[in-house]
2 protein chains.
Amino acid sequence: MPEAKHSSSTGAQLLDRAVILLDLVANGGVNGVTLKDLTAVSGLNTATCHRILNTLVGHKLLARDDKKRCYRLGARMAIYGARAARGPGIISSYDAALTRIRRRTGDTIHLMVRLNHDSVCLDRRDGECVVPTLTGSIGGAVALGVGPGSIAMLAYLDEDEQEFIIRANAERYASYRDLNPDKVRKLIADTRERGYAIDVGELIPGIAGVSVPIFTDGTKASASLGFTLLCAKLTPGALHQYALMLKEEIALVPHG
Amino acid sequence: MPEAKHSSSTGAQLLDRAVILLDLVANGGVNGVTLKDLTAVSGLNTATCHRILNTLVGHKLLARDDKKRCYRLGARMAIYGARAARGPGIISSYDAALTRIRRRTGDTIHLMVRLNHDSVCLDRRDGECVVPTLTGSIGGAVALGVGPGSIAMLAYLDEDEQEFIIRANAERYASYRDLNPDKVRKLIADTRERGYAIDVGELIPGIAGVSVPIFTDGTKASASLGFTLLCAKLTPGALHQYALMLKEEIALVPHG
DNA sequence: CGTCAATTTTTCATAATGTGGAATTTTATG
DNA sequence: CATAAAATTCCACATTATGAAAAATTGACG
């Protein structure tokens, strides 16, 4: 019943469960996740959980820290991840664009994608000045709804999907200053009107962001391209100029 | 019949099969792999194969190129890979060492691990001069037995395991100049006597390598740390000095 | 632009596989 | 050292995955 809503293409329960566990381990903190945690959060039977984890460890998709008796991502994940990033796909498609934008502006820029209810950083180029970002680094995630990089995607989904995600993430918004479901709805409306998402120092004091959606199938956005920069560097109309540059670059990328 | 020998911890056939398919896709060329290829190589039933692939695509561990009708690694893999590299594990453990060695020597250095019958590059630092390497980049693999980075590991496995791997890889050696099972056995013997593995221009003309095993559990090596450099830069005794430096650095890493 | 072969996708009866309760062993705690 | 908690193993059972075959889709060629 309260099983994951994910893909649910019938005929692979075991695989679905394995992915749930992979996800829990991947999102677990630096201290790793124990079997007990995993059974508790996933709701899976202890024996089942244990069996799946053992198999994943055997294949090195996970690794077990025998000392701390906990699980973390394994070497095979790192290897396949590196290949996924180099091989064909969105990362490679935008590689040149990211490098070019970085060269032209000197600012921090990132490519985000949606994964479930999160907005995840797939690639980035660090700017000349080090700026704090919501996602921290490649692989980092925030709740969809937090930050322009994620609003740019959220704004271009079906309305019922938006609502579902906003409700699901409601509690997670609480840890950000002045953020709540209604604020997110407002940001979405503003973004659709403007054509791109912005934030000027509301989430991180002194830090601004501009993000533009990337449409992969028709009208739904599944990725976004955006800047993070110091508010102090902003001149009038700068954000709009940045948005235009991002749109130009996206237009140059095949398929996007 | 020629089912994978991998972990085979009972009770997760579906998961084992999924990993076989992931592996085939990950090792497939840049052109992606089609369903037909996957069924042919894996020996799995077409329907079964299709069902597993669909589920993996649903979870974004794989992605499907609808145009070319083929499969490649997905965004989730890239994300988890990035996290695996940043989180605790061998990559993080050796991160500082790699950076330090790079600064001290200016040469190309890499961290290799064993995965099945392959030696895979987990991390590297590029040297001042660009040198061609067997594995190309992070995530790149060669057959165990090819190159000092892989010989350093192979030399410190159980003898029956060595033999099994050498036989399994025999045909793959053929694509390298003067390489064959007996040559590999010779290289292993030399390495055990010397304490580290070397190659001076035999595999790639003008390019030399030195590698030292990393012992993670007792006497068996599961990783190696090594240099790739220009033969022209070699002075008498240089390789030995390099090996000493590598051993020193490994000794400094906790657990290794 | 219609025909045929190759490949992909769906279906469904069957049995092999994964399941989870309970027993056992190992590890942590005071 | 005793006790609790967590991890691991076991196994009878039925839910789940399987694969043969049919249907649908795609691509190639005339």
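A quick note: this is a predicted structure, and the numbers were derived from the prediction, not measured. Quick note on labels: first sequence line is chain A, next is B, and so on, each numbered from 1. Values reported hereafter were calculated over all heavy atoms of this structure, with side chains retained and with hydrogens, waters and symmetry mates removed.
- Side-chain N/O atoms of B/D37 and B/T34 include a donor and acceptor closer than 3.5 Å.
- If you take CG of A/L14 and C1' of C/dA16, they are 14 Å apart, rounded to a whole angstrom.
- B/R51 has its CZ atom 13 Å from the P atom of C/dT17, to the nearest Å.
- Considering CD1 of B/I165 and CG of B/L154, their distance stands at 5.5 Å, rounded to 0.5 Å.
- Judged purely by distance below 3.5 Å, without hydrogens or angles, the side chains of A/S211 and A/S224 never pair a donor atom with an acceptor atom.
- Proximity of B/N54 to the phosphate of C/dT9: no side-chain N or O atom is located under 4.0 Å from OP1 or OP2.
- What separates CG of B/D66 from P of C/dT9 is a distance of 9 Å, to the nearest Å.
- Between A/Y156 and A/T219, the closest side-chain pair of non-hydrogen atoms is not below 4.5 Å.
- Toward the 5' end of DNA chain D, the nearer of the two residues A/L15 and A/L35, judged by each one's closest nucleotide, is A/L35.
- Between A/M77 and B/M77 there is a side-chain heavy-atom pair separated by less than 4.5 Å.
- The footprint of chain B on DNA chain D, defined by a heavy-atom cutoff below 4.0 Å, extends from D/dA17 to D/dG27.
- When rounded to the nearest whole Å, the span between CG of A/L53 and P of C/dG18 equals 15 Å.
- In this structure, A/K36 places its NZ atom 12 Å from P of C/dT29, rounding to the nearest Å.
- Atoms CD (A/Q13) and C1' (C/dG20) sit 12 Å apart, rounded to a whole Å.
- With B/D23 as the partner, the salt bridge (charged side-chain N to carboxylate O under 4.0 Å, His left out) test is satisfied by one option alone out of A/R76, A/K60, A/R83: A/R76.
- Using a 4.5 Å heavy-atom threshold, the side chains of B/Q13 and B/R17 count as touching.
- The shortest distance between the side-chain N/O atoms of B/R69 and the OP1/OP2 oxygens of C/dT8 is not below 4.0 Å.
- Nearer to the 5' terminus of DNA chain D, by closest-nucleotide assignment, is the contact made by A/A47 (compared with the other of B/T48 and A/A47).
- Proximity note for B/T46 (side chain, C-beta onward) versus C/dG18, C/dT9, C/dG20: the nearest is C/dT9.
- OP1 and OP2 of C/dT8 both lie 4.0 Å or more from every side-chain N or O belonging to B/R64.
- Considering only side-chain N and O atoms, B/H50 lies nowhere under 4.0 angstrom from the phosphate OP1 or OP2 of C/dT8.
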